[in-house]
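Shown next, in structure tokens, is the structure this report addresses.
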Amino acid sequence: MLDVYIYTPQKILFEGQAKSVILPGEQGDFEILNFHKNILSRIISGIIFVDEKGFYVRRGVAKVELNTIVIVAEED
């Protein structure tokens, strides 16, 4: 399981665990699963999917490290 944290400047959108996270990246959507390589990526406008839940964002940054994803984004 992944530990997922999604923050905006105004509030916490999501904190919890998930099997999969799909992010809107500059080169297209990409999926994060268990044991994903460490990355730091910009996020563009779109929907972040945490398992079956969707969160609309305008732009932001995602950091993946040791099965933990921290996303800081502007809410759309």
Side-chain angles (χ1 to χ4, degrees):
M1 295 294 277
L2 299 165
D3 293 318
V4 182
Y5 304 92
I6 304 175
Y7 303 119
T8 71
Q10 294 79 25
K11 63 182 177 182
I12 297 170
L13 285 181
F14 182 87
E15 285 185 333
Q17 291 192 321
K19 293 180 182 178
S20 166
V21 176
I22 299 174
L23 301 167
E26 292 180 317
Q27 302 292 320
D29 292 348
F30 63 99
E31 185 173 22
I32 306 296
L33 299 170
N34 272 343
F35 304 108
H36 195 285
K37 185 173 178 150
N38 296 347
I39 61 168
L40 182 63
S41 178
R42 288 185 359 186
I43 297 171
I44 62 169
S45 181
I47 303 171
I48 296 172
F49 288 100
V50 179
D51 289 337
E52 301 299 319
K53 297 179 184 179
F55 302 94
Y56 292 92
V57 295
R58 189 168 34 226
R59 63 179 170 228
V61 176
K63 179 182 178 184
V64 179
E65 186 175 39
L66 300 173
N67 287 333
T68 300
I69 303 172
V70 178
I71 300 165
V72 179
E74 293 178 3
E75 195 171 15
D76 201 14

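Hydrogens, waters and symmetry mates play no part in the numbers below; they use all other heavy atoms, side chains included.
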*Would a 4.5 Å heavy-atom cut-off, applied to side chains only, mark I69 and D3 as touching?*
no
*asked:* Just so I know, are the side chains of F14 and F55 near enough to count as touching, which here means a heavy-atom distance under 4.5 Å?
replied: yes
_Exercise: identify the closest heavy-atom pair between G54 and I47_ = CA-CG2, 3.8 Å
*Step by step, work out the side-chain contact (heavy atoms from CB on, under 4.5 Å) result for V72 and Y5.*
CA-CA 8 Å; V72 179; Y5 304 92; over 6 Å; no
_Listed partners of K19 passing salt bridge (Lys or Arg N to Asp or Glu O under 4.0 Å), at least two apart_ = none
Review item, side-chain donor-acceptor pairs of residues 28-41, under 3.5 Å, at least two apart:
unit_1, atom_1, unit_2, atom_2, d
E31, OE2, S20, OG, 2.6
N34, OD1, M1, N, 3.1

_Crowding at CD, E15 (>12 non-hydrogen neighbours, <6.0 Å)_ = yes
*asked:* To the nearest 0.5 Å, what is the distance between NZ on K53 and CD1 on I6?
replied: 9.5 Å
*Is any side-chain heavy atom of L2 less than 4.5 Å from a side-chain heavy atom of T68?*
no
*Are I71 and V61 linked, directly or through other ILVMFWY residues, by side chains that come within less than 4.5 angstrom of each other?*
no
*Give a yes or no on whether R58 atom CZ has more than 12 heavy-atom contacts from other residues, nucleotides or ligands under 6.0 Å away.*
yes
*asked:* I'd like to know whether I44 forms a side-chain contact (heavy atoms from CB on, under 4.5 Å) with E26, so could you lay out the CA-CA distance, the side-chain angles of the two residues, the decisive distance to 0.1 Å, and finally the verdict.
replied: CA-CA 6 Å; I44 62 169; E26 292 180 317; 3.6 Å; yes
_Can you give me the closest heavy-atom contact between P24 and S45, atom names plus distance?_
CB-O, 4.2 Å
_Side chain to side chain, E75 and T8, heavy atoms closer than 4.5 Å_ = yes
